[in-house]
Participant: 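Before I ask anything, here is the structure I am working with.
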Amino acid sequence: SLAVLVAGQDALDQYYMTHPDQLFSRAPEAAVVNPANPKVVAAHMGAAAYELPLVPEDRQWLGDGIEERAPGLVAEGALRVRAGKLYWARRRAPAPDIDIRSSSGRVYTIVDDKGDVVGSMEESRAFSQGHEGAVYLHQGDTYLVDSLDRGELEMRVHKTRVGYYTQPKQEKHLDIRERRARGRVGRVGIGLGTVEVETHVIGYRRKSIKGGEVLGFEDLDLPPLRFVTEAFWVTVPESLYAAAGVESEEVPGTLHAAEHTGIAMLPLFAICDRWDVGGLSTALHPQVGGGVWFIYDGYAGGAGIAPIGFAEAERHLRATLEAIRRCPCAAGCPSCVQSPKCGNFNDPLSKHGAERLLAAGLE
């Protein structure tokens, strides 16, 4: 029998088109799990305490994190202490309220104009993909979002056909809370640690499906979202720009392009999707003192992806360079440096700057 692999236009599929031998010869990517995630630990503790009271010896099953989480759960009224044991303190069983698809804790129900439930969406995605006016796709059907009720956690939609799609505009900030490891790959530095990410969806634009022209931009009044997670990052010394022939005005687009392609290549090394991680690049980060791009787990508390990115940093950076170098486009496309989830409308981007920077950094 003959099997045919039809590749998509994204950078990961195109990487395999230019490296077909790796489909069969490369080692499987690493499966990741983070049982120490504070939100996961808290959920496990509540579900376990509902069945049997928790005792200190349960650390062997739930990990040492139960000691850190116990005071908070008692203060919230979820657990109560009696005779040295922790009991479930609420009437309702905890399991039905635990979302196995997300660690965000807040999930919006998607309801159509007939009152039928279409699906659900975690809050971080609801703000960027389910805001008022957004075009939402579900199982091949197109819906237009009428309202996003933050009080009732409901996203109201109606089925329709429109000739455009929507893209959110986001502002993003990232603070390093703890550096757990650092190192070097060639001429660039690498780091791993805990970070706090703030994302703020400030508006969206409508783009024509046929021609791609921008049909309009609308402002949004949504609060910023913050969460603590794990990240790894690549720092760029000032001297490397000159060595790579990257002019000062090209630096933001160069780092941005490297970040995008780095995110696209990460599934080569960890079982994840580009939608499981986020990124941020900046020419001057105050805690780094220079240029840097971050790639972080898109789940509060971390999902175990960032440590693999740090451990595989050299292979990951080389794969990123190869994906950019092998792409035949003139100035950047979805198969190399453009990202479908970019909150800055893929601007600025410098494909050739990223290629020169990575080549000089890895020499």
Participant: Minimum heavy-atom separation for Met45 and Leu79, please, with both atom names.
Facilitator: CE-CD1, 4.1 Å
Participant: If hydrophobic clusters are built by linking Ile, Leu, Val, Met, Phe, Trp and Tyr wherever their side-chain heavy atoms come under 4.5 Å apart, do Val251 and Leu317 end up in the same one?
Facilitator: yes
Participant: Do Lys85 side-chain atoms and Arg80 backbone N/O form a donor-acceptor pair below 3.5 Å?
Facilitator: no
Participant: Would you say Val246 ends up clustered with Val292 if hydrophobic residues are merged whenever their side chains have heavy atoms under 4.5 Å apart, either directly or through other cluster members?
Facilitator: no
Participant: Sub-3.5 Å donor-acceptor pair from the side chain of Trp88 to the main-chain atoms of Arg90, do we have one?
Facilitator: yes
Participant: Can a donor-acceptor pair be found, under 3.5 Å and without considering hydrogens, that links the side chain of Asp13 to the backbone of Ala7?
Facilitator: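 Side chain of Asp13 to backbone of Ala7: no pair is present.
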Participant: Tell me whether the count of non-hydrogen atoms from other residues, nucleotides or ligands lying under 6.0 Å of CD in Glu213 goes above 12.
Facilitator: yes
Participant: With the threshold set at 4.0 Å, does a side-chain nitrogen-carboxylate oxygen contact exist between Glu363 and Arg187?
Facilitator: yes
Participant: Taking all non-hydrogen atoms of both residues, which atom of Ile324 and which atom of Ala354 are closest, and how far apart?
Facilitator: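 Closest heavy-atom pair between Ile324 and Ala354: CD1-CB, 3.9 Å.
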Participant: Looking at Glu250 and Arg356, is there a salt bridge between them, counting it only when a charged N and a carboxylate O are closer than 4.0 Å?
Facilitator: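 Judged by the 4.0 Å cut-off on N to carboxylate O distance, Arg356 and Glu250 do form a salt bridge.
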Participant: Return the OG1 to NE2 distance between Thr320 and His260, rounded to the nearest 0.5 Å.
Facilitator: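 Between atom OG1 of Thr320 and atom NE2 of His260 there are 12.5 Å.
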Participant: Do His316 side-chain atoms and Gly262 backbone N/O form a donor-acceptor pair below 3.5 Å?
Facilitator: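 Yes; at least one donor-acceptor contact below 3.5 Å.
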Participant: I'd like to check Lys169 versus Asn344 (side-chain heavy atoms, cut-off strictly below 4.5 Å). Are they in contact?
Facilitator: yes
Participant: Quick one: does Cys336's side chain get under 4.5 Å of Cys329's, heavy atoms only?
Facilitator: yes
Participant: Strictly by modelled atom types, are Glu123 and Tyr108 linked by a side-chain donor-acceptor pair under 3.5 Å?
Facilitator: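 Result is yes, a qualifying pair exists.
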Participant: Using atom types as modelled and distance alone, determine if a side-chain donor or acceptor of His138 lies under 3.5 Å from a backbone N or O of Val118.
Facilitator: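 A pair under 3.5 Å: yes.
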Participant: Is there a side-chain contact between Gln287 and Asp175 in this structure, where contact means two heavy atoms from C-beta onward sitting under 4.5 Å apart?
Facilitator: yes
Participant: To the closest 0.5 Å, what do you measure between CD (Gln14) and CE (Met17)?
Facilitator: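 One gets 7.0 Å once the value is rounded to the nearest 0.5 Å.
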Participant: Any side-chain heavy atom of Val228 sitting closer than 4.5 Å to one from Arg177?
Facilitator: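 Yes. Closest side-chain heavy atoms under 4.5 Å.
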Participant: Would you call Glu198 and Leu225 a side-chain contact if the rule is heavy atoms closer than 4.5 Å?
Facilitator: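 No, their side chains stay 4.5 Å or more apart.
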Participant: Just by distance, do the side chain of His173 and the backbone of His200 share a donor-acceptor pair under 3.5 Å?
Facilitator: no
Participant: Might you point out which heavy atoms bring Ala264 and Pro267 nearest each other, and give the distance in Å?
Facilitator: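 Between these two residues, the closest heavy atoms are O-CD, 3.3 Å.
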Participant: Do the side chains of Val277 and Phe227 join up, straight or via other hydrophobic residues, at under 4.5 Å, putting them in one cluster?
Facilitator: no
Participant: Using the rule given for side chain to side chain contact (heavy atoms under 4.5 Å, CB included), can you reason through Val162 versus Val135, listing the C-alpha separation, both sets of side-chain angles and the distance that settles it, and then say yes or no?
Facilitator: CA-CA 8 Å; Val162 294; Val135 174; 3.9 Å; yes
Participant: Do you know which two heavy atoms are closest between Gly332 and Val337, and how far apart they sit?
Facilitator: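 Smallest heavy-atom distance, with atoms named: CA-CG2, 3.6 Å.
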Participant: Show your reasoning for whether side chain to side chain contact (heavy atoms under 4.5 Å, CB included) applies to Ile295 and Leu266.
Facilitator: CA-CA 9 Å; Ile295 298 179; Leu266 194 55; 4.0 Å; yes
Participant: Considering non-hydrogen atoms only, spot the tightest contact between Phe127 and Pro223 and give its length.
Facilitator: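 So the two residues come closest at CE2-O, 3.5 Å.
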Participant: Determine, for Glu355 against Lys351, whether the closest basic-nitrogen to carboxylate-oxygen distance falls under 4.0 angstrom.
Facilitator: no
Participant: Please walk me through it: do Leu357 and Val236 pass side chain to side chain contact (heavy atoms under 4.5 Å, CB included)?
Facilitator: CA-CA 9 Å; Leu357 184 76; Val236 181; 3.9 Å; yes
Participant: What I'd like to find out is whether the side chain of Pro224 reaches to under 4.5 Å of the side chain of Arg226, using heavy atoms alone.
Facilitator: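 SC-SC contact between Pro224 and Arg226 confirmed.
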Participant: Determine, stepwise, if the pair Arg125 / Glu122 fulfils salt bridge (Lys or Arg N to Asp or Glu O under 4.0 Å).
Facilitator: CA-CA 6 Å; Arg125 289 185 58 210; Glu122 62 184 302; 5.4 Å; no
Participant: Would you mind checking if Glu230 and Arg180 are paired as a salt bridge, meaning a charged N to carboxylate O distance below 4.0 Å?
Facilitator: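 Salt bridge flag = yes for Glu230 with Arg180.
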Participant: How many angstroms lie between CD in Gln170 and OG in Ser128, if you round to the nearest 0.5 Å?
Facilitator: 5.5 Å
Participant: Take atom CG in Asp221; do more than 12 heavy atoms of anything else shown fall under 6.0 Å from it?
Facilitator: no
Participant: Working to the nearest 0.5 angstrom, can you tell me the gap between Arg59 CZ and Leu54 CG?
Facilitator: 12.5 Å
Participant: Okay, side chain of Asp273, backbone of Asp276: is any donor-acceptor separation there less than 3.5 Å?
Facilitator: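 Looks like no, no N/O pair under 3.5 Å.
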Participant: When clusters are formed by joining ILVMFWY residues with side-chain heavy atoms under 4.5 Å apart, either directly or through shared neighbours, do Ile66 and Val81 land in the same one?
Facilitator: yes
Participant: Rounded to the nearest 0.5 Å, how far apart are OH of Tyr204 and OH of Tyr165?
Facilitator: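 With rounding to 0.5 Å, OH (Tyr204) is 15.0 Å from OH (Tyr165).
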Participant: Between the side chain of Asp297 and the main-chain N/O of Ile305, is any donor-acceptor distance below 3.5 Å?
Facilitator: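 Yes; at least one donor-acceptor contact below 3.5 Å.
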Participant: Are the side chain of Ser339 and the backbone of Lys341 linked by a donor-acceptor contact shorter than 3.5 Å?
Facilitator: yes
Participant: Could Lys159 and Asp141 be called an ion pair, given the rule that one side-chain N must be under 4.0 Å from one carboxylate O?
Facilitator: yes
Participant: If only side-chain N and O atoms count, and only distance matters, is there a donor-acceptor pair under 3.5 Å linking Asp112 with Tyr143?
Facilitator: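 Note: Tyr143 and Asp112 side chains miss the donor-acceptor criterion.
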Participant: May I ask you to check whether Tyr136 and His131 place their ring centres under 6.0 Å from each other?
Facilitator: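 Centroid distance His131-Tyr136: not below 6.0 Å, so no.
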Participant: Is a donor from one side chain sitting under 3.5 angstrom from an acceptor on the other, for Thr166 and Arg205?
Facilitator: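 No.
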Participant: Does any part of the side chain of Val195, heavy atoms only, come nearer than 4.5 Å to the side chain of Thr229, both counted from C-beta?
Facilitator: yes
Participant: His285 side chain to Leu174 main-chain N or O, any donor-acceptor pair under 3.5 Å?
Facilitator: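 Yes, the answer is positive, given that a donor and an acceptor are paired below the 3.5 Å cut-off.
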Participant: Specify the closest pair of heavy atoms between Tyr296 and Ala231, including all atoms of both residues, with the distance to one decimal.
Facilitator: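 Minimum heavy-atom contact is CB-CB, 3.6 Å.
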Participant: Taking the side chain as every heavy atom from C-beta outward, state whether Ile190 and Arg182 have any pair of such atoms under 4.5 Å apart.
Facilitator: no
Participant: Let me see the working for Val107 and Leu153 under side chain to side chain contact (heavy atoms under 4.5 Å, CB included), right down to the final yes or no.
Facilitator: CA-CA 7 Å; Val107 177; Leu153 296 181; over 6 Å; no
Participant: If Ile, Leu, Val, Met, Phe, Trp and Tyr residues are connected whenever their side-chain heavy atoms lie under 4.5 Å apart, and connections chain through other members, are Leu86 and Val40 in the same group?
Facilitator: no
Participant: When rounded to the nearest 0.5 angstrom, what distance separates OG1 in Thr18 from CD in Glu322?
Facilitator: 7.0 Å
Participant: Can you say whether the rings of Phe294 and Trp233 are parallel (under 30°), tilted (30 to 60°) or perpendicular (over 60°)?
Facilitator: tilted
